[in-house]
Amino acid sequence: MQRRPMIPLEICLDVIDRLSLDCCTLRACALTCSAWLPRARVHLYKSITLHKPETYRLFSQAIAGTPILGALVTNLECCVTTVDDEIWDDAAATEALFPIEAVRTLTRLHYLALMGADCHYAIHPKVLDFVPRFTLATSATSLLVSEFTVTSPKDIIDMLKHFPHIQELSLDHHTSYRDFDAPPIETLPSDFCRDLTDFVFHWSDLYAPFLAVMPTHITVLDIEYLPPTRVRAGPEDSWADIARFKGLETLYLNAHHGEGKEWVAEALQHARCDKLESLGLDYTCECQNGCEMPFTEQHANLAHLASIIFRSSAFRKLKSLHGCKRAFSRA
């Protein structure tokens with residue numbers, strides 16, 4: 001009997017690679033034959049998102065029982081506020097969500113995201129005690145903490161103490177309902193954010209306390225301004241602590257709420273970036289009909305910013321300007 005021609009394994013594996021975003025088909029591939037299973041697993045476990053408590057338990061049990069699966073995970077997103085308070089109140093139930101032995105298998109983790117919820121009450125305090133276990137995944141170099149409503153900026157700063165090895169940090173959609181004060185910088189450990197180079201801080205009214213304590217050796221700073229009128233009023237606006245970051249090579253200033261010109265000017269006046277090579281400015285302003293549109297020289301006179309940017313010795317090495325390029329001219 002003549003044998004039917006077989007498709008070379010290399011072609012089959014290439015097809016699996018092209019299906020990397022189709023989880024349902026990848027599961028089918030994993031069950032097709034033993035030769036396909038390893039490649040399908042690579043894509044199935046590369047990026048994991050955990051929402052409900054049951055998904056936490058099933059995933060942590062899988063990687064704890066088969067550590068090779070944990071080594072496949074490079075991106076992990078944990079939605080912590082979808083877990084019921086009853087679980088956070090129970091120490092045993094909290095431990096079962098993601099045991100320490102499961103975290104230890106994440107030997108190739110690169111990106112860790114801790115997601116809260118956009119709400120007007122603080123996250124459960126046990127969440128802040130649960131998060132530090134992920135510091136055992138020392139290969140992780142990028143951390144996103146998003147939508148945490150806390151009683152104080154100190155809550156997040158205390159959590160960051162456990163991640164000295166993080167190189168890229170993004171804090172997104174944060175607010176505090178009790179106070180806006182940062183802990184004294186002298187009380188922070190000497191290795192606080194020791195390896196941090198990139199700091200992104202978007203949509204938050206807590207910029208002042210974080211600018212006061214983040215390490216001065218960061219080279220990339222990306223800030224999106226949130227007017228205090230949109231959230232609980234914090235302290236008076238002050239950008240003086242931008243002067244701490246003298247080693248900045250890239251600075252992005254984002255304003256999308258019609259108040260960009262004023263705060264960008266103030267922020268740039270405080271900047272003392274002798275090594276700055278790239279400056280990004282991103283504006284939108286509101287028209288009379290309430291729509292947002294790009295903020296260019298046609299909508300406001302930005303000449304005073306040009307003098308701040310190009311005539312100041314603080315920007316002697318500036319090579320590129322992103323955003324409203326046409327609004328600026330080198331003096």
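Residue numbers run from 1 in the order of the sequence given.
Counting only heavy atoms from C-beta outward, the side chains of T187 and F192 never approach each other to under 4.5 Å. L50 has its side chain within reach of F98: a pair of non-hydrogen atoms, C-beta onward, lies under 4.5 Å apart. Looking at heavy atoms from C-beta onward, T105 lies out of side-chain contact with T66 at the 4.5 angstrom threshold.
If you run side-chain contact (heavy atoms from CB on, under 4.5 Å) between L169 and each of L160, V200, T197, L144, only L160 comes through.
Annotation for R194: atom CZ counts as buried by contact number, over 12 foreign heavy atoms lying within 6.0 Å. Within a 6.0 Å sphere centred on CD1 of I68, heavy atoms belonging to other residues, nucleotides or ligands number 12 at most.
Side-chain atoms of T135 do not come within 3.5 Å of backbone N or O of P132 as any donor-acceptor pair. Panel note: side chain S146, backbone M115; no donor-acceptor pair is recorded below 3.5 Å. Within the 3.5 Å criterion, the main-chain N or O of M214 finds a donor-acceptor partner in the side chain of R244. Side-chain atoms of S20 do not come within 3.5 Å of backbone N or O of H43 as any donor-acceptor pair. A donor-acceptor pair is defined here as one N or O able to donate and one able to accept, closer than 3.5 Å; no such pair exists between the side chain of T250 and the backbone of S278.
In this structure, a donor-acceptor pair under 3.5 Å is present between the side chains of T141 and H110.
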*Just do the side chain to side chain contact (heavy atoms under 4.5 Å, CB included) check on F245 and L251 with the steps written out, would you?*
CA-CA 10 Å; F245 306 102; L251 175 62; over 6 Å; no
*asked:* I'd like to know whether R104 forms a salt bridge (charged side-chain N to carboxylate O under 4.0 Å, His left out) with E101, so could you lay out the CA-CA distance, the side-chain angles of the two residues, the decisive distance to 0.1 Å, and finally the verdict.
replied: CA-CA 5 Å; R104 294 186 189 279; E101 56 267 25; over 6 Å; no
*Go through the steps to decide whether V15 and I7 satisfy the test side chain to side chain contact (heavy atoms under 4.5 Å, CB included), and finish with yes or no.*
CA-CA 11 Å; V15 171; I7 300 175; over 6 Å; no
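Aromatic ring orientation, F199 versus F201: tilted (interplanar angle from 30° to 60°).
The side-chain hydrogen bond (donor to acceptor under 3.5 Å, both in side chains) contacts involving residues 83-98 comprise D89-H124, E95-R133, where partners must be two or more places apart or lie in separate chains.
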